[in-house]
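Given the structure is predicted, the values throughout are model-derived calculations rather than measurements.
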Amino acid sequence: MTESDSVTKRPRSSRGEGDQLRDEIIDAAIELVLEARELRAPSIREVARKIGVTPPSIYLHFADKDELMDAVCGQYYQRLDDEMVAAAVDQQTTLERLHAQGMAYVRFAVATPLMYRLATSAPPRDDSELDETLVSAAFAHLHKGVQELVEEGFYPDGDTVAMGLQLWSAAHGVASMLVTKPYLPWGDAELFADNALRAACLGQAVSDVDLTAVLPRQK
């Protein structure tokens with residue numbers, strides 16, 4: 001057996017430490033994704049080896065690799081949520097907070113490209129709660145900002161869910177393009193993202209303008 005195949009034995013968990021081991025498993029899986037050079041989910045054996053347990057110990061907490069990866073993505077989105085909450089601190093206006101949170105979304109994706117692609121590339125399974133995690137991690141913040149801007153009169157009345165989804169689509173779109181096509185001539189990526197999200201945030205304020213008044217009709 002080679003050194004890479006060996007597993008460093010760890011002491012048996014005491015009663016009540018199961019949740020701690022579960023968290024360690026998820027964190028180890030995230031680290032393996034971040035350390036990888038290609039887009040793939042780590043195997044159960046790789047995760048077990050990283051934290052010094054046997055594969056059966058993983059299966060005590062996760063039925064299979066798919067269930068583990070659902071939890072991994074959920075934890076990743078929670079970290080994204082933390083970044084977006086932190087970005088809102090000390091922002092003077094609702095619009096500034098909305099823009100800052102969109103930028104936090106993009107920065108987090110660019111800083112963790114493989115994990116971001118893994119988390120957003122596959123639809124959840126029927127028994128997965130991943131969609132709920134995604135909403136709480138990103139969309140809920142943007143939706144709240146939209147609602148407040150409508151209440152302030154800066155955004156027009158309308159379907160705030162749809163408006164929030166438009167802003168989320170802008171942040172997700174910018175993040176995805178910067179992550180998957182970094183070779184395109186974006187110029188300064190930070191400035192590109194900043195300008196794109198400013199346009200999205202401010203564009204909502206004039207979303208009810210009749211374009212026929214300023215643009216000629218297409219024939």
Side-chain angles (χ1 to χ4, degrees), residues 1-10 13 18-84 102-139 168-186 189-190 192-193 196:
M1 179 180 296
T2 66
E3 182 178 356
S4 62
D5 291 331
S6 65
V7 174
T8 302
K9 298 292 185 181
R10 61 176 277 154
S13 298
D19 289 342
Q20 178 180 344
L21 177 56
R22 185 180 188 278
D23 290 341
E24 290 180 13
I25 292 169
I26 294 172
D27 289 342
I30 291 178
E31 289 177 14
L32 285 169
V33 174
L34 295 176
E35 294 167 1
R37 296 185 178 181
E38 59 181 340
L39 181 62
R40 69 177 184 86
S43 68
I44 293 292
R45 186 173 296 277
E46 288 175 312
V47 176
R49 184 183 299 119
K50 186 170 183 65
I51 59 176
V53 300
T54 59
S57 298
I58 306 291
Y59 290 115
L60 291 175
H61 298 275
F62 302 98
D64 52 30
K65 179 178 174 179
D66 287 338
E67 186 173 298
L68 170 57
M69 293 315 298
D70 277 350
V72 164
C73 292
Q75 177 62 24
Y76 178 77
Y77 284 127
Q78 181 58 53
R79 294 182 184 182
L80 169 61
D81 178 64
D82 293 341
E83 293 294 323
M84 294 181 76
M103 287 298 295
Y105 183 102
V106 173
R107 291 188 186 113
F108 190 72
V110 171
T112 56
L114 289 179
M115 189 64 237
Y116 180 77
R117 290 176 61 191
L118 185 67
T120 59
S121 62
R125 296 179 299 158
D126 291 340
D127 59 346
S128 170
E129 296 183 356
L130 186 56
D131 276 349
E132 294 179 8
T133 306
L134 174 59
V135 168
S136 66
F139 175 72
W168 179 86
S169 297
H172 176 65
V174 170
S176 296
M177 293 300 288
L178 291 177
V179 164
T180 61
K181 299 183 183 296
Y183 50 82
L184 289 180
W186 305 112
E190 178 84 3
F192 175 85

Q) Does the pair Lys65 and Leu68 meet the rule for a side-chain contact (heavy atoms from CB on, under 4.5 Å), with working shown? A) CA-CA 5 Å; Lys65 179 178 174 179; Leu68 170 57; 5.5 Å; no
Q.
Let's go through Val33 and Thr112 carefully: what are the C-alpha distance in whole Å and the side-chain angles of both, what is the deciding distance for side-chain contact (heavy atoms from CB on, under 4.5 Å) to 0.1 Å, and is it a yes or a no?
A. CA-CA 9 Å; Val33 174; Thr112 56; over 6 Å; no
Q. Stepwise, does the side-chain contact (heavy atoms from CB on, under 4.5 Å) test hold for Arg107 with Val110?
A. CA-CA 5 Å; Arg107 291 188 186 113; Val110 171; 5.8 Å; no
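Counting heavy atoms from C-beta outward, Phe62 and Met69 have side chains that stay 4.5 Å or more apart. Using a 4.5 Å heavy-atom threshold, the side chains of Met103 and Glu190 count as touching. Residues Tyr76 and Leu118 form no side-chain contact, since every pair of their non-hydrogen atoms from C-beta on lies 4.5 Å or further apart. The shortest distance between side-chain heavy atoms of Glu46 and Lys50 does not fall below 4.5 Å.
Considering CG of Leu114 and CD of Glu38, their distance stands at 9.0 Å, rounded to 0.5 Å. Annotation: the span from Cys73 atom SG to Ile26 atom CD1 amounts to 10.5 Å, rounded to 0.5 Å. Thr54 contributes atom OG1, which lies 9.5 Å from atom CZ of Arg45 (distance to the nearest 0.5 angstrom). Taking CZ from Arg117 and CG from Leu39, the interatomic distance works out to 4.5 Å, rounded to the nearest 0.5 Å. Here Phe108 contributes atom CZ and Asp81 contributes atom CG; the two are 10.0 Å apart, rounded to the nearest 0.5 Å.
A side-chain donor-acceptor contact under 3.5 Å links Trp186 to the backbone of Lys181.
Closest heavy-atom contact between Ala138 and Leu80: CB-CD2, 4.3 Å. Closest non-hydrogen pair, His61 versus Leu21, comes out as NE2-CD2, 3.6 Å.
Test Ile25, Asp27, Leu32, Ile30 against Val72 for side-chain contact (heavy atoms from CB on, under 4.5 Å) and you get one pass: Ile30.
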Under 3.5 Å, side-chain donor or acceptor atoms of residues 169-178 against the rest of the protein: list the pairs with distances, not counting sequence neighbours.
residue : atom : partner : partner atom : Å
Ser169  : OG   : Leu165  : O            : 2.7
His172  : ND1  : Tyr105  : OH           : 3.2
His172  : ND1  : Tyr116  : OH           : 2.6
Ser176  : OG   : His172  : O            : 2.8

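Side-chain polar atoms of Asp23 and Gln20 form no donor-acceptor pair below 3.5 angstrom.
Aromatic ring centroids of Phe139 and Tyr77 lie 6.0 Å or more apart.
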